[in-house]
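Encoded as structure tokens, the structure appears first; notes follow it.
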Amino acid sequence: MMILDILLIVLGVVLVIWGADRMTDGAVSIAQRLQIPEIVIGLTIVAMGTSMPEFCVSLVSALKGTSDLAVGNVLGSNVFNELLIVGVTAMLAPMLLARSTVWKDMPWAVLAALALGVMCLDGQISRLDAAILFVLFLAFMAYTLYTARKGKNQPEEEEDGPKKTYKPLVAVGLVLLGLACLIGGSNIFVDAATRVAAALGVSDAVIGLTIVAGGTSLPELATSVVAARKGKSAIAIGNVIGSNVFNVLMIIGVTGLVCPMDIQGITIVDLVVMMGGMVMLWLFSYTKLKVERWEGAVLTAVFAAYMGWLLSQAI
């Protein structure tokens with residue numbers, strides 16, 4: 001039975017990631033046909049698309065009464081992003097950052113991490129907490145779109161080419177198919193992960209911080225590593241920063257508004273690692289507008305130590 005649940009977890013991850021890709025492709029195609037500017041597409045549809053796995057898993061988890069899994073997923077995903085993904089990517093190739101990214105974009109990610117950390121201290125995410133996060137999300141989107149229009153936040157590197165444009169009916173079909181896979185995959189994933197946690201005597205929080213977070217962070221890992229190998233470090237670091245902001249402000253914001261969450265399994269260590277990791281990344285970036293290989297190694301080592309601590313607590 002355990003083997004079946006593990007296979008279902010893998011199936012859920014595949015469905016969620018594949019569904020997010022299909023939905024994003026369809027949405028981008030529709031937006032292009034409506035002649036929406038590419039910068040707006042990138043900052044909204046594509047950015048949200050890479051966060052859809054976390055969003056669907058967290059929302060379904062909260063609705064099913066496993067709030068620790070929902071919050072643990074976001075916390076863990078951010079830790080994976082800022083420590084493991086940036087760490088591994090920087091070790092492959094030092095990451096150069098635009099000045100605007102370090103001075104204007106990263107502070108939003110730090111603010112989001114600190115806000116979530118403080119809100120979790122009382123053991124719950126109330127609707128008021130969620131509303132504050134969602135208002136911050138709207139402010140972030142307004143700021144990002146404003147600076148993009150003013151030409152202050154133009155990416156230094158472009159992707160290899162425009163996405164394929166589909167016929168209208170095909171594009172709509174891709175959106176609906178992707179959404180169905182996201183919902184179905186999330187349900188399969190959460191149910192199987194919960195059963196595995198119960199069978200192993202491990203808390204929902206630990207499962208969320210490790211297996212679930214790792215699974216839903218796969219799109220960011222793949223995107224960042226490929227971008228770094230192509231010498232496009234701005235895309236890699238931008239992907240991480242944007243994902244972390246979306247994870248906290250949009251996912252916890254919307255999920256908490258729909259279903260307030262009591263969180264018991266998230267510890268102060270989890271919160272400190274999540275907040276400290278983002279601050280550490282910001283400081284590394286701030287010095288020379290670059291994340292060096294040795295700094296990537298430090299981030300990766302911190303991640304490994306944290307995973308070791310989690311496993312020691314689970315045994």
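If you're wondering where the values come from, they're calculated on a predicted model, not measured in any experiment.
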Any donor-acceptor pair under 3.5 Å linking the side chain of [X] with the backbone of [Y]?
| X | Y | result |
| --- | --- | --- |
| T210 | V206 | yes |
| S312 | W309 | yes |
| R293 | L92 | yes |
| T66 | S61 | yes |
| W282 | V102 | yes |
| N244 | A109 | no |

Determine whether [X] and [Y] make a side-chain contact, defined as any pair of heavy atoms from C-beta on separated by less than 4.5 Å.
| X | Y | answer |
| --- | --- | --- |
| L116 | I125 | yes |
| L281 | M278 | yes |
| R22 | V175 | no |
| N247 | N81 | yes |
| F140 | V135 | no |
| L299 | F284 | yes |
| L11 | L7 | no |
| S285 | K290 | no |

Next on the checklist: Pairing donors with acceptors under 3.5 angstrom, does anything connect the side chains of D262 and S67?
Outcome noted: no
Checklist entry - Do S58 and N73 have a side chain donor and acceptor closer than 3.5 Å? => result yes
Checklist entry - Should the pair F80 and F303 be assigned to parallel (<30°), tilted (30 to 60°) or perpendicular (>60°) ring geometry? => result perpendicular
Checklist entry - How close do T300 and M91 get, heavy atom to heavy atom, and via which atoms? => result OG1-CE, 3.4 Å
Checklist entry - For A192 and L8, which heavy atoms make the closest approach, and how far apart are they? => result CB-CB, 3.8 Å
Checklist entry - Mind checking whether F246 and F137 have ring centres under 6.0 Å apart? => result yes
Item to check | Residue list, side-chain contact (heavy atoms from CB on, under 4.5 Å) with V170, at least two apart or on another chain | outcome: Y166, K167, L174
Checklist entry - Out of curiosity, M261 CE to D68 CG, how far, rounded to the nearest 0.5 Å? => result 10.5 Å
Next on the checklist: Please tell me whether V272 and L121 are part of a single hydrophobic cluster in this structure, the criterion being side-chain heavy atoms less than 4.5 Å apart.
Outcome noted: yes
